[in-house]
Amino acid sequence: MRNYLSFEGLSWLVFVLFVIIVPLFLSSFYLRLMSLIGLYSLVVMGLVLLTGYAGLASLGQAAFMGVGAYTAAILSSRFALNPWLSMIAGILLAVLIAWLIGLITLRLKGHFLALATLAWGLVITGILRNWISVTGGNTGFGSATGNRFPPLSILGYPLRDERLYTYLIWFFVLLVLFLSLNLMRSRMGLAIKALRTGSIAAASFGVNVSQLKMLTFLLAAAFAALAGALFAFKELFIDPKIADLSTSINLLIMAVMGGIGSLTGAIFGPGLFVFLESFLQEYLPWLIGRSGNYEIIAFGFILIFILHRARQGLLPLLRDLLPASPVKPINHQAEPLPKRILDRAEGEVLLRVDDVSKNFGGLRAVDSLSFEVKRGEILGLIGPNGAGKSTMFNLITGVLRLSEGEISFKDSLISKLAPHQIAQRGIARTFQHLNLIGNMSLLDNVVLGGYGRTKANVWQGMLGLEGGERERARAEAHRQLKRVGLAEQSFERADSLALGKQRLVEIARALMADPELILLDEPAAGLRKHEKAELIDLIRKLKAEGITVLLVEHDMELVMTLCERIVVVNYGTKLAEGSPKAIKQNPKVLEAYLGSESASL
Ligand code: ADP
Ligand code: MG
């Protein structure tokens with residue numbers, strides 16, 4: 001424990017001292033560069049959250065800088081509002097605009113989302129350029145254009161001094177870095193990281209995906225607007241270039257240079273960019289013999305190099321040279337997380353699938369299928385490849401909408417609920433196509449599974465105030481990993497494991513949610529013989545603890561050993577239902593499996 005604190009504390013101490021001491025020795029020119037680095041860092045930290053962690057690309061981030069800058073400038077000049085309040089108003093307006101944009105845009109995926117943010121950015125810049133009576137248009141806004149606005153001041157002392165202002169900017173950089181680092185370690189932050197890998201997985205352990213995307217989008221907008229307003233009060237003059245597409249692209253280059261998935265890289269990237277830019281601006285014309293914006297060509301090449309050779313950015317390359325930071329040990333004494341009360345008696349119907357169909361265009365993947373799962377049983381759902389089993393799982397968990405029919409869980413209809421709501425009612429699952437976060441430890445992956453059992457909100461996360469709950473979740477995750485035999489590897493990266501073992505991690509993650517019903521999609525695929533035997537033991541133990549299991553599996557030996565009842569599907573319809581013994585002898589089942597690669601009964 002102490003070890004961990006001292007390592008992290010030390011890094012902070014060194015960094016803070018650096019930020020305090022360095023400006024004392026800088027000339028006006030370098031103070032300017034340092035301020036610029038700070039301002040860009042603020043925006044890039046938002047971009048890292050948004051693009052690097054949540055996987056939502058934004059090509060319009062500079063537009064939020066523009067909103068922050070112009071709102072602050074206009075309110076403090078035209079309306080003589082206190083500069084600090086104007087700055088807060090700028091941030092709030094940016095958040096409001098981001099919210100409206102997000103409502104319309106965040107549903108889009110991949111490059112559509114990136115293009116939409118680009119378009120919104122153009123709209124905002126267009127407004128700044130053309131609403132001349134308010135913004136001053138292309139000539140800009142400031143005392144030179146008759147729109148004088150006052151600098152920020154502290155206790156009546158105006159911050160005009162370049163050195164002081166550099167300190168102010170870097171105070172905010174440190175603050176935002178601290179809040180963001182905390183956030184990304186917190187419950188919410190882990191969930192944000194899960195968004196990039198797969199929002200379906202995230203929803204399956206109770207994350208409200210659209211809400212979380214919006215939250216990340218708003219945070220990034222707020223950071224950008226803060227930077228914009230700080231810029232406005234630094235220069236006391238702004239023009240629409242601050243909100244331009246070219247600025248947005250520069251910000252993305254900085255994010256990529258530092259490492260799009262790294263918050264410390266969000267400071268390193270702008271640092272490198274600003275120094276390179278000033279270096280290139282000075283020497284390139286001398287080299288080429290002409291002046292002009294040639295540095296953009298160099299940045300193009302640097303970006304191409306990074307995309308080809310160092311996707312993780314340049315900082316992680318350096319970081320590999322340093323010793324890894326020690327992980328925080330698990331507090332095994334932590335109080336257990338609250339457990340669900342099982343309120344259905346053994347043998348009562350837990351899940352009812354009632355005449356359910358699912359069409360994919362012309363294909364009827366599930367066709368009027370009905371079955372029940374009773375509390376405490378292990379029900380097998382088997383059938384040849386393409387029979388509709390995984391589709392059935394997706395219908396139960398709300399990932400897919402039903403075309404017809406109803407599904408109810410504990411007598412209440414769930415087929416109209418969102419996936420995260422269904423998860424929170426006590427249905428957990430694993431995925432046939434693995435859905436772990438490869439670059440995260442097993443432990444953190446499993447902690448994520450407990451999202452719905454924990455409560456810490458985004459503010460608690462940012463302020464580092466979820467300590468107790470986080471310790472409890474980690475201890476619980478460790479217990480779940482122990483349950484599947486992987487406790488020893490808790491701190492290893494998920495993608496370092498063989499696929500079969502990763503399936504076990506998925507089971508641990510599902511168990512972490514404290515489910516009443518667990519859906520296992522081919523859990524034995526890729527397991528060795530002794531691992532299969534351990535899996536059988538594990539599933540039996542789960543049953544003994546009162547957990548109900550719905551099992552899709554191709555290994556017939558395993559299915560026949562484990563399941564009390566089996567439902568056989570073929571082409572989406574139910575072919576047979578009964579005890580393993582009856583199923584083995586059912587002629588229709590034998591016929592369906594004959595010649596199919598997946599089976600020997
Ligand atoms: P199983 O898990 O039993 O092997 P699936 O449920 O994955 O089968 O698939 C059933 C059928 O539905 C297959 O023909 C598959 O190609 C089709 N299918 C599954 N998901 C989709 C989808 N999202 N869009 C279109 N077709 C799909
Ligand atoms: Mg399947």
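Indexing begins at 1, ligand by ligand and atom by atom, following the structure's order.
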Side-chain donor-acceptor contact under 3.5 Å, [X] with [Y]:
| X | Y | value |
| --- | --- | --- |
| E476 | Q480 | yes |
| S204 | R429 | no |
| R425 | S412 | yes |
| N445 | R493 | no |
| H433 | D521 | no |
| Q432 | S390 | yes |

Filter the ligand 1-protein atom pairs down to N or O on both sides and distance under 3.5 Å, then list them.
{"unit_1": "ligand 1", "atom_1": "2 (O)", "unit_2": "S390", "atom_2": "N", "d": "2.9"}
{"unit_1": "ligand 1", "atom_1": "2 (O)", "unit_2": "S390", "atom_2": "OG", "d": "2.9"}
{"unit_1": "ligand 1", "atom_1": "3 (O)", "unit_2": "A387", "atom_2": "N", "d": "3.2"}
{"unit_1": "ligand 1", "atom_1": "3 (O)", "unit_2": "G388", "atom_2": "N", "d": "2.9"}
{"unit_1": "ligand 1", "atom_1": "3 (O)", "unit_2": "K389", "atom_2": "N", "d": "2.8"}
{"unit_1": "ligand 1", "atom_1": "3 (O)", "unit_2": "K389", "atom_2": "NZ", "d": "2.9"}
{"unit_1": "ligand 1", "atom_1": "4 (O)", "unit_2": "G386", "atom_2": "N", "d": "2.8"}
{"unit_1": "ligand 1", "atom_1": "6 (O)", "unit_2": "S390", "atom_2": "N", "d": "3.4"}
{"unit_1": "ligand 1", "atom_1": "6 (O)", "unit_2": "T391", "atom_2": "N", "d": "2.8"}
{"unit_1": "ligand 1", "atom_1": "6 (O)", "unit_2": "T391", "atom_2": "OG1", "d": "2.5"}
{"unit_1": "ligand 1", "atom_1": "8 (O)", "unit_2": "G388", "atom_2": "N", "d": "3.3"}

*Kindly state each residue pair satisfying side chain to side chain donor-acceptor pair (under 3.5 Å) with at least one member in residues 341-352, sequence neighbours excluded.*
D343-K410, R352-E372
*Return the set of protein N, O or S atoms whose distance to the Mg ion (ligand 2) is under 2.8 Å, each given as residue and atom.*
S390 OG, Q432 OE1
_Donor-acceptor pair, distance only, cut-off 3.5 Å: does the side chain of E545 make one with the backbone of L542?_
no
_If the condition is ring-ring contact (aromatic ring centres under 6.0 Å, His included), which residues does H111 pass it with, not counting sequence neighbours?_
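Checked H111 against ring-ring contact (aromatic ring centres under 6.0 Å, His included); zero matches.
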